[in-house]
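These notes concern the structure reproduced below.
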Amino acid sequence: MGIVLTGVYYALALAAAGAVAWMFFHHWLIAAPFFLLAVFCLWFFRDPDRTVPSGPVAVSPADGKVVSIRSEPDGRIRVGIFLNVFNVHVNRTPIGGTIREIKYRSGKFLVASRPEAPMQNEQNTFIVDGDDGTSLEFSQIAGLIARRIICYKKPGERVAAGERVGLIQFGSRVDILFGPEWNISVREGENVSAGSSVIAKRKDRS
């Protein structure tokens with residue numbers, strides 16, 4: 001299992017702080033929390049490989065729980081996935097194709113599972129145009145604890161389905177907007193895995 005480099009840096013800094021605390025105070029109650037946090041960072045920033053399903057499907061862009069499936073005024077279906085601090089936080093693209101646009105929007109840091117979070121919270125939105133003519137919009141949304149959204153990609157880049165596109169640190173949400181050409185394959189309350197769980201299928205494909 002891989003680890004995001006950011007997590008390694010955090011872990012090294014915390015381990016160094018723990019070593020300094022031990023050198024000065026020689027007491028495990030003071031030094032131990034730094035080492036425990038270092039281990040947590042390595043675990044939090046884990047980045048496992050995933051087997052990406054083939055075919056006319058959209059895979060989950062995030063690990064977590066499906067907290068909402070609702071219709072938008074424009075007719076699209078919004079699927080919201082909430083990530084707690086125990087989930088893998090590396091995000092992946094639901095479909096392959098070309099990144100048409102990446103839009104950053106500043107905002108609040110409400111609890112990401114709340115219904116108003118997708119409208120009010122800080123977020124980073126991708127629009128990916130698939131090679132088959134379809135397109136999908138999905139957003140990395142910051143939460144109460146998550147205060148940093150990391151994007152690995154730029155507009156115009158090609159991506160494969162399930163490819164890593166970014167990271168949200170310490171609890172967050174990812175929303176996907178599906179047009180009428182998609183059938184949703186998940187239900188509220190269902191747990192999904194980034195890159196491997198199918199969350200929608202094309203209506204006009206087998």
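Positions are given from 1 along the sequence.
Taking the six-membered ring for Trp, F44 and H89 have ring centres closer than 6.0 Å.
Of the inter-residue distances, the one linking M119 atom CE with K108 atom NZ reads 13.0 Å to the nearest 0.5 angstrom. The distance from the CG atom of D175 to the OG atom of S68 is 5.5 Å, given to the nearest 0.5 Å.
Ion pairing between K65 and E188 fails under the 4.0 Å rule for side-chain N and carboxylate O.
When hydrophobic clusters are built by joining Ile, Leu, Val, Met, Phe, Trp and Tyr residues whose side-chain heavy atoms come closer than 4.5 Å, directly or via intermediates, F138 is grouped together with I77.
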Show the atom names and distances, to 0.1 Å, of all donor-acceptor pairs under 3.5 Å that link a side chain in residues 2-19 to residues at least two apart or in another chain.
from, atom 1, to, atom 2, distance (Å)
Y10, OH, Q169, OE1, 3.2

Only pairs under 3.5 Å count here: list side-chain donor-acceptor contacts from residues 21-29, not counting sequence neighbours, and write none if there are none.
from, atom 1, to, atom 2, distance (Å)
H26, ND1, W22, O, 3.4
H26, NE2, M23, O, 3.1
H27, ND1, L29, N, 3.1

Can you give the donor-acceptor pairs under 3.5 Å from side chains of residues 52-60 to other protein atoms, not counting sequence neighbours?
from, atom 1, to, atom 2, distance (Å)
S60, OG, A62, N, 3.2
S60, OG, A62, O, 2.6

Just do the salt bridge (Lys or Arg N to Asp or Glu O under 4.0 Å) check on E72 and R78 with the steps written out, would you? CA-CA 7 Å; E72 294 291 292; R78 178 184 293 271; 3.3 Å; yes
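Proximity of a side-chain donor or acceptor of N87 to a complementary backbone N or O of N84 within less than 3.5 Å is detected. Side-chain atoms of N183 do not come within 3.5 Å of backbone N or O of K203 as any donor-acceptor pair.
With sequence neighbours left out, the side-chain hydrogen bond (donor to acceptor under 3.5 Å, both in side chains) criterion links E157 to no other residue. Applying the side-chain hydrogen bond (donor to acceptor under 3.5 Å, both in side chains) rule to R50 yields the partners D63; only residues at least two apart in sequence or on another chain are considered. For Q123, there are no side-chain hydrogen bond (donor to acceptor under 3.5 Å, both in side chains) partners two or more places apart in sequence or in a different chain.
Exactly one of R158, K153, R92 qualifies for a side-chain hydrogen bond (donor to acceptor under 3.5 Å, both in side chains) with E163. That residue is K153.
In this structure, F86 places its CZ atom where only 12 or fewer heavy-atom neighbours from other residues, nucleotides or ligands lie under 6.0 Å away.
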